[in-house]
Amino acid sequence: MGLFDKFDGLKAARRDLETLGIDPFGVEIERILSPTEGVIHGRRTILAGTNNYLGLTFHPETLAAARRALDAEGTGTTGSRMANGSYSAHRRLEEELAAFYGARDAIVFSTGYLANLGMLAGLTGPGDVVLLDADSHASIYDGCRLSGAEIIRFRHNDAADLAKRMRRLGARAADALIVIEGIYSMLGDRAPVKEIVAVKREYGGYLLVDEAHSLGVLGDRGRGLVEEQGVLADADFIVGTFSKSLGGTGGFCVSNLPALQLVRYSSRPYIFTASPSPTTIASTRQALAILATGRDLRARLRENYLRLHSGLSALGYRLGAPASPVVAVVLGERLQALRFWNGLLRRGVYVNVMLPPATPNGVSLIRCSLSAAHSAAQIDAVCAAFADLRGTVEAGAPERVTET
Amino acid sequence: MLEYPEILATLSAELKSSTQGRVPITEDTDLLSELNLDSLQVMNLLLHVEDHFDISIPVSILAGVKTVRDLAQQIEKLGHKG
């Protein structure tokens, strides 16, 4: 078998998309006009698929903080913290994240993907057991694989299935790591975290919660699902990302356990990656302060996702989960989803199309993510585009797919 | 202790129902190329097998698995460990 033979399948899939004239994976946003608007294919387009939950990417205070850091500290750190030194601001951000959660300490990683990779690979190794929700993000699966730990999946959002597997582990359950997400990124459904915590209390083990899509979104102070459900103290490790509600790039883990500091020395994705740039750290610190007191932003975001969720329900679409900032429309078939996605784009609405095997249960999804910065008029325009395309789903009528 | 014949019978029954009997299942049947199952589908199929034997099958055992026999042998080894 030749080096490139494995790409045959991908090549065929690319060719299919080219024939259709649809390229959801290579979208170029020609100009960014605001947190919720850009220009795509020369057309003003509502951005409803960018995970910009609090709309902070253009906040005057985060912009000003980033500019100050750029002038004071330059464009990049040119190396990893372990080998080339931390800037003071890296450590301040870690202290601020720890204080935000009332935790002992925090580690900052260079991306959200690396946060999961670095925590799982740094914390667990051969001989350890990780129990992960079957619908976990790729970064969680990849982190487990890098760690060499024994990986056991439990049925998605099924605490009883988790309990069964903890029971099967016997004495090993006391040291097992359970991994869940606050809000699952594909369907927008939440973990039954109270029930999961009850299993942990019964069998022992440690709980890691990835709040990537719930940080800043759920809980009075925005500390995610664990805060909203009153189980913050039961989460041994909380992982999050800067690239969604905080409008930057990077990730973190907070914990009360003293061992967190040792993970720095065992985590290859932490040790061998360049540290986040001064501008990223500065804007993230500022955004975190805004997020912590941003009850108004959370209220607006909630209004917005309820508006879209009820609008699409009223149109008779099948939605993936109860209302959350991720609103996913379930479409059965791949080609239909691609055409539908393209139809929305041609109507000035950018969302995401999600296809198997990245999706649960082999479904195809049209995935929207809402922002506090969306106006009611923008959400109504998104609903109008969905209304316009409603007939194509029911009748399976071919939507014209070539770009005009 | 898990016995190979019972594992094989359970696996075959699960595969038969998930492929609606389109392809005959033998020990040599290739899960990916003949049954067209991706790794995620195999893992989901294993959920039923896990319940049947009251075991958890680690994801890593799938790494070297190609045929129904490979899979049955891997599951058998888990039983010996326990």
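First the proteins, then the strands, lettered A, B, ... as listed; each starts at 1. The shown structure was predicted, so the numbers you read here are calculated from the model rather than taken from an experiment.
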Are more than 12 heavy atoms from other residues, nucleotides or ligands located less than 6.0 Å from atom OH of A:Y206? no

Please flag which part of A:R165 lies under 4.5 Å from any non-hydrogen atom of chain B: side chain, backbone, both or neither. both

Does CD belonging to A:E195 count more than 12 external heavy atoms closer than 6.0 Å? no

Heavy-atom neighbours of A:R268 CZ exceed 12 at 6.0 Å: no

Calculate, to the nearest 0.5 Å, the distance between atoms OG and CG belonging to B:S56 and A:L162 respectively. 9.5 Å

Do you know which of A:R153, A:R167, A:K164 has the most heavy-atom pairs with chain B at a distance under 4.5 angstrom? A:R153

Taking atom CG of A:N361 as the centre, report whether more than 12 heavy atoms of other residues, nucleotides or ligands fall under 6.0 Å from it. no

Out of curiosity, A:R155 CZ to B:E50 CD, how far, rounded to the nearest 0.5 Å? 7.5 Å

Under 4.5 Å to a heavy atom of chain A? For B:I55 that would be backbone

Distance in Å, B:I57 CD1 paired with A:E150 CD, rounded so as to fall on 0.5 Å steps: 11.5 Å

Heavy-atom distance under 4.5 Å to chain B: side chain of A:R145, backbone, both or neither? neither

Of all of B:N44, B:L46, B:D51, which one pairs up most often with chain A through heavy atoms under 4.5 Å apart? B:D51

